[in-house]
There are 2 protein chains.
Amino acid sequence: MTTVKLGTQVRQEQIARAALGLLATHGLQGLNIKRVAQRIGMVPSAIYRHFKSKEEILDAVLGLIEERLVGNVQAVCEESADSLERLRLLLMHHIQLIRENEAVPRVVFSEEVGFGDPAKKSRLYGIISRYLQEVEEILRRGQKEGAIRAELDPATVAVMFLGLIQPAAILWHVSSGRFDVTRQASKAWEIFREAIRTR
Amino acid sequence: MTTVKLGTQVRQEQIARAALGLLATHGLQGLNIKRVAQRIGMVPSAIYRHFKSKEEILDAVLGLIEERLVGNVQAVCEESADSLERLRLLLMHHIQLIRENEAVPRVVFSEEVGFGDPAKKSRLYGIISRYLQEVEEILRRGQKEGAIRAELDPATVAVMFLGLIQPAAILWHVSSGRFDVTRQASKAWEIFREAIRTR
DNA sequence: TCCTCATGTGAATGGTCATTCACATCAAAC
DNA sequence: GTTTGATGTGAATGACCATTCACATGAGGA
(Lines give C-alpha, C1' and ligand atoms only; values in the text may rest on other atoms or scores of the structure.)
Protein backbone atom coordinates (compact mmCIF):
# COMPACT_ATOMS: atom_id res chain seq x y z
CA MET A 1 0.00 0.00 0.00
CA THR A 2 1.28 3.43 -0.95
CA THR A 3 1.16 4.92 2.49
CA VAL A 4 1.15 8.67 2.11
CA LYS A 5 1.09 10.73 5.26
CA LEU A 6 -0.47 14.13 5.56
CA GLY A 7 -1.13 16.52 8.41
CA THR A 8 -4.37 16.43 10.32
CA GLN A 9 -5.40 19.85 9.07
CA VAL A 10 -5.15 18.75 5.45
CA ARG A 11 -6.91 15.49 6.20
CA GLN A 12 -9.76 17.16 8.03
CA GLU A 13 -10.34 19.37 5.04
CA GLN A 14 -10.23 16.40 2.68
CA ILE A 15 -12.57 14.37 4.82
CA ALA A 16 -15.13 17.14 5.16
CA ARG A 17 -15.07 17.79 1.43
CA ALA A 18 -15.38 14.11 0.65
CA ALA A 19 -18.34 13.81 2.99
CA LEU A 20 -20.03 16.81 1.40
CA GLY A 21 -19.54 15.30 -2.04
CA LEU A 22 -20.94 11.98 -0.93
CA LEU A 23 -24.01 13.65 0.50
CA ALA A 24 -24.75 14.92 -2.98
CA THR A 25 -24.56 11.54 -4.62
CA HIS A 26 -25.79 9.21 -1.91
CA GLY A 27 -27.70 11.31 0.56
CA LEU A 28 -27.40 11.18 4.29
CA GLN A 29 -28.42 7.53 4.27
CA GLY A 30 -25.56 6.51 2.07
CA LEU A 31 -22.91 8.47 3.91
CA ASN A 32 -20.56 6.12 5.73
CA ILE A 33 -16.98 6.09 6.88
CA LYS A 34 -15.91 3.47 4.38
CA ARG A 35 -16.98 5.59 1.43
CA VAL A 36 -15.43 8.73 2.85
CA ALA A 37 -12.15 6.88 3.37
CA GLN A 38 -12.20 5.39 -0.12
CA ARG A 39 -12.75 8.78 -1.64
CA ILE A 40 -9.48 10.09 -0.29
CA GLY A 41 -7.56 6.85 -0.57
CA MET A 42 -7.44 5.92 3.06
CA VAL A 43 -8.59 3.03 5.16
CA PRO A 44 -11.70 3.60 7.34
CA SER A 45 -9.84 3.39 10.62
CA ALA A 46 -7.47 6.14 9.53
CA ILE A 47 -10.37 8.58 9.53
CA TYR A 48 -10.40 8.37 13.30
CA ARG A 49 -6.96 9.89 13.50
CA HIS A 50 -8.54 13.14 12.39
CA PHE A 51 -12.09 13.01 13.65
CA LYS A 52 -13.41 11.57 16.86
CA SER A 53 -16.62 10.32 15.31
CA LYS A 54 -18.91 10.44 12.32
CA GLU A 55 -20.95 13.08 14.07
CA GLU A 56 -17.90 15.28 14.27
CA ILE A 57 -17.44 14.93 10.53
CA LEU A 58 -21.01 16.05 10.05
CA ASP A 59 -20.21 19.11 12.11
CA ALA A 60 -17.30 19.89 9.86
CA VAL A 61 -19.56 19.54 6.84
CA LEU A 62 -21.96 22.02 8.36
CA GLY A 63 -19.04 24.38 8.77
CA LEU A 64 -18.15 23.97 5.13
CA ILE A 65 -21.70 24.73 4.12
CA GLU A 66 -21.94 27.80 6.30
CA GLU A 67 -18.72 29.01 4.77
CA ARG A 68 -20.05 28.71 1.25
CA LEU A 69 -23.35 30.38 1.99
CA VAL A 70 -21.71 33.32 3.69
CA GLY A 71 -19.16 33.44 0.89
CA ASN A 72 -21.97 33.81 -1.60
CA VAL A 73 -23.39 36.80 0.22
CA GLN A 74 -20.03 38.49 0.43
CA ALA A 75 -19.28 37.89 -3.24
CA VAL A 76 -22.61 39.34 -4.22
CA CYS A 77 -22.14 42.45 -2.13
CA GLU A 78 -18.85 43.06 -3.87
CA GLU A 79 -20.31 42.52 -7.32
CA SER A 80 -23.01 45.11 -7.00
CA ALA A 81 -24.09 47.96 -4.77
CA ASP A 82 -27.71 47.91 -5.89
CA SER A 83 -29.98 46.05 -3.48
CA LEU A 84 -32.27 44.45 -6.02
CA GLU A 85 -29.35 43.47 -8.16
CA ARG A 86 -27.66 41.95 -5.14
CA LEU A 87 -30.66 39.79 -4.46
CA ARG A 88 -30.84 38.67 -8.08
CA LEU A 89 -27.17 37.78 -8.03
CA LEU A 90 -27.56 35.94 -4.75
CA LEU A 91 -30.31 33.89 -6.30
CA MET A 92 -28.09 33.01 -9.23
CA HIS A 93 -25.14 32.22 -7.00
CA HIS A 94 -27.30 29.97 -4.94
CA ILE A 95 -28.36 28.09 -8.05
CA GLN A 96 -24.76 27.80 -9.07
CA LEU A 97 -24.04 26.35 -5.65
CA ILE A 98 -26.77 23.80 -6.16
CA ARG A 99 -25.40 22.82 -9.53
CA GLU A 100 -21.85 22.47 -8.30
CA ASN A 101 -22.67 20.88 -5.06
CA GLU A 102 -26.11 19.51 -4.81
CA ALA A 103 -25.54 18.65 -1.20
CA VAL A 104 -25.50 22.17 0.20
CA PRO A 105 -29.18 22.94 -0.07
CA ARG A 106 -30.03 19.35 0.68
CA VAL A 107 -28.23 19.24 3.97
CA VAL A 108 -29.31 22.66 5.06
CA PHE A 109 -32.91 22.20 4.17
CA SER A 110 -33.49 18.50 4.48
CA GLU A 111 -34.05 18.48 8.24
CA GLU A 112 -32.76 14.94 8.34
CA VAL A 113 -29.52 16.17 9.79
CA GLY A 114 -29.84 16.67 13.47
CA PHE A 115 -32.64 14.34 14.36
CA GLY A 116 -30.53 12.64 16.91
CA ASP A 117 -29.02 15.44 18.93
CA PRO A 118 -30.60 18.83 19.46
CA ALA A 119 -27.17 20.42 19.14
CA LYS A 120 -27.04 19.76 15.44
CA LYS A 121 -30.55 21.01 14.98
CA SER A 122 -29.75 24.34 16.56
CA ARG A 123 -26.50 24.52 14.65
CA LEU A 124 -28.54 24.20 11.47
CA TYR A 125 -30.95 26.80 12.74
CA GLY A 126 -27.99 29.08 13.34
CA ILE A 127 -26.72 28.68 9.81
CA ILE A 128 -30.08 29.37 8.22
CA SER A 129 -30.71 32.29 10.55
CA ARG A 130 -27.40 33.82 9.68
CA TYR A 131 -28.10 33.54 5.98
CA LEU A 132 -31.54 35.04 6.51
CA GLN A 133 -30.08 37.94 8.43
CA GLU A 134 -27.71 38.71 5.61
CA VAL A 135 -30.62 38.77 3.21
CA GLU A 136 -32.59 40.97 5.57
CA GLU A 137 -29.69 43.34 5.74
CA ILE A 138 -29.73 43.72 1.98
CA LEU A 139 -33.46 44.25 2.08
CA ARG A 140 -33.32 46.91 4.79
CA ARG A 141 -30.68 48.75 2.90
CA GLY A 142 -32.83 48.67 -0.21
CA GLN A 143 -35.70 50.08 1.81
CA LYS A 144 -33.57 52.88 3.16
CA GLU A 145 -32.46 53.75 -0.34
CA GLY A 146 -36.02 53.66 -1.60
CA ALA A 147 -35.59 50.76 -4.00
CA ILE A 148 -37.64 48.32 -1.95
CA ARG A 149 -41.09 48.96 -0.56
CA ALA A 150 -40.71 50.23 2.97
CA GLU A 151 -43.91 48.69 4.30
CA LEU A 152 -42.64 45.14 3.80
CA ASP A 153 -41.28 43.18 6.74
CA PRO A 154 -37.68 42.25 5.88
CA ALA A 155 -37.82 39.03 7.89
CA THR A 156 -40.89 37.82 6.04
CA VAL A 157 -39.47 38.72 2.65
CA ALA A 158 -36.15 37.05 3.45
CA VAL A 159 -37.88 33.74 4.10
CA MET A 160 -39.86 34.18 0.90
CA PHE A 161 -36.59 34.71 -0.88
CA LEU A 162 -35.41 31.30 0.29
CA GLY A 163 -38.65 29.92 -1.08
CA LEU A 164 -37.74 31.08 -4.55
CA ILE A 165 -35.01 28.49 -4.88
CA GLN A 166 -35.66 25.66 -2.52
CA PRO A 167 -38.69 24.00 -4.10
CA ALA A 168 -37.04 24.40 -7.47
CA ALA A 169 -33.91 22.67 -6.24
CA ILE A 170 -35.94 19.76 -4.96
CA LEU A 171 -37.85 19.46 -8.20
CA TRP A 172 -34.57 19.46 -10.01
CA HIS A 173 -33.36 16.59 -7.89
CA VAL A 174 -36.42 14.36 -7.97
CA SER A 175 -36.84 14.96 -11.69
CA SER A 176 -33.25 13.79 -12.18
CA GLY A 177 -32.25 17.11 -13.67
CA ARG A 178 -35.15 17.41 -16.09
CA PHE A 179 -36.72 20.35 -14.29
CA ASP A 180 -35.10 23.61 -15.36
CA VAL A 181 -34.06 25.40 -12.16
CA THR A 182 -32.45 28.35 -13.84
CA ARG A 183 -35.51 29.10 -15.89
CA GLN A 184 -37.78 28.78 -12.87
CA ALA A 185 -35.52 31.04 -10.84
CA SER A 186 -35.39 33.70 -13.54
CA LYS A 187 -39.12 33.81 -14.03
CA ALA A 188 -39.87 33.67 -10.33
CA TRP A 189 -37.36 36.41 -9.71
CA GLU A 190 -39.18 38.79 -12.01
CA ILE A 191 -42.43 38.26 -10.20
CA PHE A 192 -40.72 38.57 -6.85
CA ARG A 193 -38.88 41.73 -7.87
CA GLU A 194 -42.07 43.40 -9.00
CA ALA A 195 -43.65 42.46 -5.68
CA ILE A 196 -41.01 44.03 -3.50
CA ARG A 197 -39.68 47.01 -5.44
CA THR A 198 -41.15 50.43 -5.10
CA ARG A 199 -43.43 51.52 -7.89
CA MET B 1 -48.94 -12.49 24.55
CA THR B 2 -52.36 -11.23 23.61
CA THR B 3 -52.31 -12.41 20.06
CA VAL B 4 -54.89 -10.42 18.17
CA LYS B 5 -55.38 -11.17 14.51
CA LEU B 6 -56.50 -8.71 11.93
CA GLY B 7 -56.87 -8.77 8.17
CA THR B 8 -54.03 -7.72 5.94
CA GLN B 9 -55.90 -4.70 4.68
CA VAL B 10 -56.32 -3.32 8.19
CA ARG B 11 -52.71 -4.11 9.06
CA GLN B 12 -51.34 -2.45 5.95
CA GLU B 13 -53.22 0.69 6.84
CA GLN B 14 -51.94 0.57 10.42
CA ILE B 15 -48.39 -0.05 9.33
CA ALA B 16 -48.35 2.78 6.81
CA ARG B 17 -49.82 5.19 9.35
CA ALA B 18 -47.35 4.11 12.01
CA ALA B 19 -44.47 4.60 9.61
CA LEU B 20 -45.70 8.07 8.68
CA GLY B 21 -45.96 8.98 12.32
CA LEU B 22 -42.48 7.74 13.04
CA LEU B 23 -41.06 9.75 10.17
CA ALA B 24 -42.31 12.84 11.94
CA THR B 25 -40.64 12.06 15.23
CA HIS B 26 -37.52 10.23 14.16
CA GLY B 27 -36.93 11.08 10.53
CA LEU B 28 -36.06 8.68 7.79
CA GLN B 29 -32.92 7.65 9.67
CA GLY B 30 -34.84 6.52 12.68
CA LEU B 31 -37.50 4.62 10.81
CA ASN B 32 -37.09 0.89 11.36
CA ILE B 33 -39.26 -2.18 11.39
CA LYS B 34 -38.95 -2.71 15.11
CA ARG B 35 -40.40 0.71 15.90
CA VAL B 36 -43.18 0.33 13.38
CA ALA B 37 -44.10 -3.02 14.88
CA GLN B 38 -44.01 -1.70 18.44
CA ARG B 39 -46.28 1.14 17.52
CA ILE B 40 -49.08 -1.20 16.53
CA GLY B 41 -48.35 -3.85 19.12
CA MET B 42 -46.81 -6.45 16.89
CA VAL B 43 -43.55 -8.25 16.65
CA PRO B 44 -41.18 -7.16 13.85
CA SER B 45 -41.44 -10.38 11.90
CA ALA B 46 -45.21 -10.05 11.74
CA ILE B 47 -44.82 -6.96 9.58
CA TYR B 48 -43.66 -9.21 6.78
CA ARG B 49 -47.02 -10.91 6.63
CA HIS B 50 -48.37 -7.68 5.20
CA PHE B 51 -45.47 -6.08 3.38
CA LYS B 52 -42.76 -7.73 1.37
CA SER B 53 -40.09 -5.29 2.48
CA LYS B 54 -39.37 -1.99 4.15
CA GLU B 55 -39.23 -0.38 0.75
CA GLU B 56 -42.77 -1.48 0.12
CA ILE B 57 -43.85 0.19 3.34
CA LEU B 58 -42.22 3.40 2.16
CA ASP B 59 -44.28 3.13 -1.01
CA ALA B 60 -47.43 2.85 1.04
CA VAL B 61 -46.40 5.92 3.01
CA LEU B 62 -45.97 7.84 -0.20
CA GLY B 63 -49.48 6.77 -1.16
CA LEU B 64 -50.78 8.08 2.14
CA ILE B 65 -49.06 11.39 1.59
CA GLU B 66 -50.34 11.77 -1.92
CA GLU B 67 -53.81 11.08 -0.62
CA ARG B 68 -53.60 13.85 1.95
CA LEU B 69 -52.19 16.42 -0.43
CA VAL B 70 -54.86 15.76 -3.01
CA GLY B 71 -57.45 15.72 -0.27
CA ASN B 72 -56.38 19.21 0.72
CA VAL B 73 -56.90 20.53 -2.76
CA GLN B 74 -60.32 18.97 -3.03
CA ALA B 75 -61.40 20.28 0.34
CA VAL B 76 -60.29 23.76 -0.58
CA CYS B 77 -62.14 23.73 -3.86
CA GLU B 78 -65.31 22.83 -2.01
CA GLU B 79 -64.83 25.52 0.58
CA SER B 80 -64.58 28.37 -1.86
CA ALA B 81 -65.13 29.15 -5.51
CA ASP B 82 -62.86 32.17 -5.55
CA SER B 83 -59.39 31.41 -6.93
CA LEU B 84 -57.40 33.65 -4.63
CA GLU B 85 -59.34 32.46 -1.64
CA ARG B 86 -58.74 28.87 -2.67
CA LEU B 87 -55.02 29.46 -2.74
CA ARG B 88 -55.09 31.13 0.65
CA LEU B 89 -57.05 28.24 2.08
CA LEU B 90 -54.70 25.74 0.50
CA LEU B 91 -51.81 27.49 2.17
CA MET B 92 -53.53 27.28 5.52
CA HIS B 93 -54.50 23.66 5.02
CA HIS B 94 -50.95 22.84 4.16
CA ILE B 95 -49.78 24.44 7.38
CA GLN B 96 -52.38 22.50 9.27
CA LEU B 97 -51.02 19.36 7.65
CA ILE B 98 -47.55 20.26 8.81
CA ARG B 99 -48.75 20.82 12.34
CA GLU B 100 -50.70 17.58 12.49
CA ASN B 101 -48.21 15.50 10.68
CA GLU B 102 -44.82 17.00 10.38
CA ALA B 103 -43.74 14.10 8.22
CA VAL B 104 -45.76 14.95 5.14
CA PRO B 105 -43.77 17.92 3.95
CA ARG B 106 -40.59 16.37 5.23
CA VAL B 107 -40.89 13.23 3.20
CA VAL B 108 -42.11 14.95 0.10
CA PHE B 109 -39.54 17.67 0.12
CA SER B 110 -36.58 16.11 1.85
CA GLU B 111 -35.21 14.26 -1.18
CA GLU B 112 -33.73 11.67 1.14
CA VAL B 113 -36.41 9.25 0.11
CA GLY B 114 -35.54 7.59 -3.13
CA PHE B 115 -31.83 7.83 -3.18
CA GLY B 116 -31.51 4.14 -3.62
CA ASP B 117 -33.90 3.33 -6.41
CA PRO B 118 -34.89 5.70 -9.19
CA ALA B 119 -38.43 4.38 -9.00
CA LYS B 120 -39.05 6.10 -5.70
CA LYS B 121 -37.55 9.30 -6.97
CA SER B 122 -39.90 9.44 -9.91
CA ARG B 123 -42.80 8.47 -7.68
CA LEU B 124 -41.98 11.49 -5.56
CA TYR B 125 -41.70 13.61 -8.66
CA GLY B 126 -45.12 12.38 -9.69
CA ILE B 127 -46.66 13.37 -6.38
CA ILE B 128 -45.19 16.84 -6.43
CA SER B 129 -46.08 17.31 -10.07
CA ARG B 130 -49.64 16.34 -9.42
CA TYR B 131 -49.93 18.81 -6.58
CA LEU B 132 -48.40 21.50 -8.74
CA GLN B 133 -50.85 20.79 -11.53
CA GLU B 134 -53.75 21.20 -9.16
CA VAL B 135 -52.38 24.56 -8.08
CA GLU B 136 -51.84 25.55 -11.70
CA GLU B 137 -55.42 24.64 -12.43
CA ILE B 138 -56.62 27.01 -9.74
CA LEU B 139 -54.34 29.70 -11.11
CA ARG B 140 -55.50 29.29 -14.71
CA ARG B 141 -59.08 29.49 -13.62
CA GLY B 142 -58.31 32.68 -11.73
CA GLN B 143 -56.72 34.09 -14.85
CA LYS B 144 -59.72 33.22 -16.96
CA GLU B 145 -61.99 34.92 -14.45
CA GLY B 146 -59.75 37.96 -14.36
CA ALA B 147 -58.75 37.69 -10.71
CA ILE B 148 -55.17 36.73 -11.43
CA ARG B 149 -52.81 38.53 -13.78
CA ALA B 150 -53.02 36.83 -17.16
CA GLU B 151 -49.41 37.45 -18.15
CA LEU B 152 -48.06 35.22 -15.37
CA ASP B 153 -46.95 31.69 -16.16
CA PRO B 154 -49.07 29.36 -13.99
CA ALA B 155 -46.29 26.76 -13.75
CA THR B 156 -43.84 29.30 -12.40
CA VAL B 157 -46.29 30.72 -9.94
CA ALA B 158 -47.30 27.27 -8.72
CA VAL B 159 -43.72 26.47 -7.78
CA MET B 160 -43.46 29.84 -6.06
CA PHE B 161 -46.56 28.93 -4.13
CA LEU B 162 -44.80 25.85 -2.77
CA GLY B 163 -41.98 28.14 -1.77
CA LEU B 164 -44.30 30.08 0.50
CA ILE B 165 -44.56 27.22 2.96
CA GLN B 166 -41.59 24.96 2.58
CA PRO B 167 -38.79 27.10 3.98
CA ALA B 168 -41.09 28.12 6.78
CA ALA B 169 -41.80 24.51 7.64
CA ILE B 170 -38.12 23.75 7.81
CA LEU B 171 -37.43 26.74 9.99
CA TRP B 172 -40.19 25.60 12.26
CA HIS B 173 -38.58 22.21 12.57
CA VAL B 174 -34.97 23.23 13.10
CA SER B 175 -36.03 25.94 15.53
CA SER B 176 -37.91 23.29 17.53
CA GLY B 177 -41.20 25.06 17.04
CA ARG B 178 -40.00 28.52 17.99
CA PHE B 179 -40.38 29.93 14.49
CA ASP B 180 -43.96 31.02 13.86
CA VAL B 181 -45.05 29.32 10.63
CA THR B 182 -48.57 30.62 10.66
CA ARG B 183 -47.48 34.21 11.01
CA GLN B 184 -44.90 33.83 8.27
CA ALA B 185 -47.45 32.22 5.98
CA SER B 186 -50.02 34.95 6.57
CA LYS B 187 -47.62 37.77 5.92
CA ALA B 188 -46.02 36.07 2.94
CA TRP B 189 -49.45 35.33 1.53
CA GLU B 190 -50.36 39.01 1.46
CA ILE B 191 -47.26 39.89 -0.48
CA PHE B 192 -47.78 36.96 -2.80
CA ARG B 193 -51.44 37.82 -3.35
CA GLU B 194 -50.62 41.39 -4.29
CA ALA B 195 -48.02 40.07 -6.72
CA ILE B 196 -50.36 37.80 -8.63
CA ARG B 197 -53.77 39.46 -8.49
CA THR B 198 -54.94 41.86 -11.11
CA ARG B 199 -54.78 45.50 -10.17
C1' DT C 1 21.83 8.80 11.53
C1' DC C 2 18.56 7.65 14.74
C1' DC C 3 14.36 8.59 17.67
C1' DT C 4 9.95 9.61 18.29
C1' DC C 5 5.50 10.71 17.52
C1' DA C 6 1.88 11.57 14.41
C1' DT C 7 -0.27 9.10 10.94
C1' DG C 8 -1.71 4.88 8.42
C1' DT C 9 -3.18 -0.24 8.31
C1' DG C 10 -5.74 -4.64 8.78
C1' DA C 11 -8.16 -7.31 11.80
C1' DA C 12 -11.45 -7.60 15.37
C1' DT C 13 -15.54 -6.15 18.14
C1' DG C 14 -20.08 -5.09 19.18
C1' DG C 15 -24.22 -3.19 17.82
C1' DT C 16 -28.18 -2.48 14.80
C1' DC C 17 -31.16 -3.93 11.46
C1' DA C 18 -33.85 -6.21 7.70
C1' DT C 19 -35.31 -10.51 6.67
C1' DT C 20 -36.31 -15.58 7.20
C1' DC C 21 -38.08 -19.69 9.30
C1' DA C 22 -40.18 -23.30 12.04
C1' DC C 23 -43.74 -23.30 14.90
C1' DA C 24 -48.08 -21.56 17.29
C1' DT C 25 -52.69 -19.85 17.10
C1' DC C 26 -56.85 -17.91 15.66
C1' DA C 27 -61.01 -17.55 12.50
C1' DA C 28 -63.88 -19.06 9.23
C1' DA C 29 -65.60 -22.61 6.06
C1' DC C 30 -67.32 -27.16 6.02
C1' DG D 1 -66.01 -30.04 15.67
C1' DT D 2 -62.54 -30.45 12.49
C1' DT D 3 -59.83 -28.73 8.92
C1' DT D 4 -57.32 -25.24 6.64
C1' DG D 5 -55.24 -21.16 5.57
C1' DA D 6 -54.09 -16.70 7.12
C1' DT D 7 -51.84 -14.30 10.75
C1' DG D 8 -48.71 -13.87 14.84
C1' DT D 9 -44.31 -15.21 17.53
C1' DG D 10 -39.50 -15.80 19.04
C1' DA D 11 -35.23 -17.18 17.66
C1' DA D 12 -31.75 -17.16 14.22
C1' DT D 13 -29.15 -15.38 10.19
C1' DG D 14 -26.35 -12.48 7.66
C1' DA D 15 -25.19 -7.99 6.27
C1' DC D 16 -23.58 -3.54 7.26
C1' DC D 17 -21.35 -0.27 9.96
C1' DA D 18 -19.02 2.72 13.50
C1' DT D 19 -15.42 2.32 16.36
C1' DT D 20 -11.19 0.30 18.64
C1' DC D 21 -6.68 -1.70 18.88
C1' DA D 22 -2.14 -3.62 18.31
C1' DC D 23 1.10 -2.97 15.13
C1' DA D 24 3.61 -0.67 11.11
C1' DT D 25 5.66 3.23 8.92
C1' DG D 26 7.17 7.60 7.52
C1' DA D 27 8.79 12.52 8.43
C1' DG D 28 11.14 15.81 10.95
C1' DG D 29 13.87 17.15 14.91
C1' DA D 30 17.94 15.72 17.86
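Below, chains carry the letters A, B, ... as their sequence lines are ordered, and counting in each starts from 1. Remember, predicted model here, so these are calculated numbers, not experimental data.
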Does a side-chain N or O of Arg11(B) approach OP1 or OP2 of dG8(D) to a distance below 4.0 Å, or not? yes

Short heteroatom pairs, N/O only, protein and nucleotides 17-21 of chain C, under 3.5 Å:
| from | atom 1 | to | atom 2 | distance (Å) |
| --- | --- | --- | --- | --- |
| dC17(C) | OP1 | Asn32(B) | ND2 | 3.1 |
| dA18(C) | OP1 | Lys54(B) | NZ | 3.0 |
| dA18(C) | OP2 | Ile33(B) | N | 3.0 |
| dT19(C) | OP2 | Tyr48(B) | OH | 2.7 |
| dT19(C) | OP2 | Lys54(B) | N | 2.9 |

Can you check the Gln38(A) CD to dG8(C) C1' distance for me, whole Å? 16 Å

For residues Leu164(A) and Met92(A): do they belong to one hydrophobic cluster (side chain heavy atoms under 4.5 Å, members Ile, Leu, Val, Met, Phe, Trp, Tyr)? yes

Counting side-chain heavy atoms from C-beta on, which of dG10(D), dG10(C), dG8(D) comes nearest to Met42(B)? dG8(D)

Within this structure, what is the CD1-to-C1' distance between Ile47(B) and dG10(D), rounded to whole angstrom? 15 Å

side-chain N/O His50(A) vs dA6(C) OP1/OP2, d < 4.0 Å: no

Assigning hydrophobic clusters by single linkage (Ile, Leu, Val, Met, Phe, Trp, Tyr; side-chain heavy-atom cutoff under 4.5 Å), is Val43(B) placed with Phe51(B)? no

Nearest-Å distance, NZ (Lys5(A)) to P (dT4(C))? 16 Å

For Ser80(A) and Arg88(A), test the side chains for any donor-to-acceptor distance below 3.5 angstrom and give the result as yes or no. no

Looking at Trp172(B), does the NZ or CZ of Arg178(B) lie under 6.0 angstrom from its six-membered ring centre and within 45 degrees of the ring axis? no

Whole-Å distance separating the CD1 atom of Ile15(A) from the P atom of dA18(D): 13 Å

By the definition side-chain contact (heavy atoms from CB on, under 4.5 Å), identify the one residue from Leu87(B), Ile148(B), Leu84(B) that meets it with Ile138(B). Leu87(B)

Over how many whole Å does the gap from Phe51(A) atom CZ to dA18(D) atom P extend? 15 Å

Can a donor-acceptor pair be found between the side chains of Gln14(B) and Arg11(B) at a distance below 3.5 Å? yes

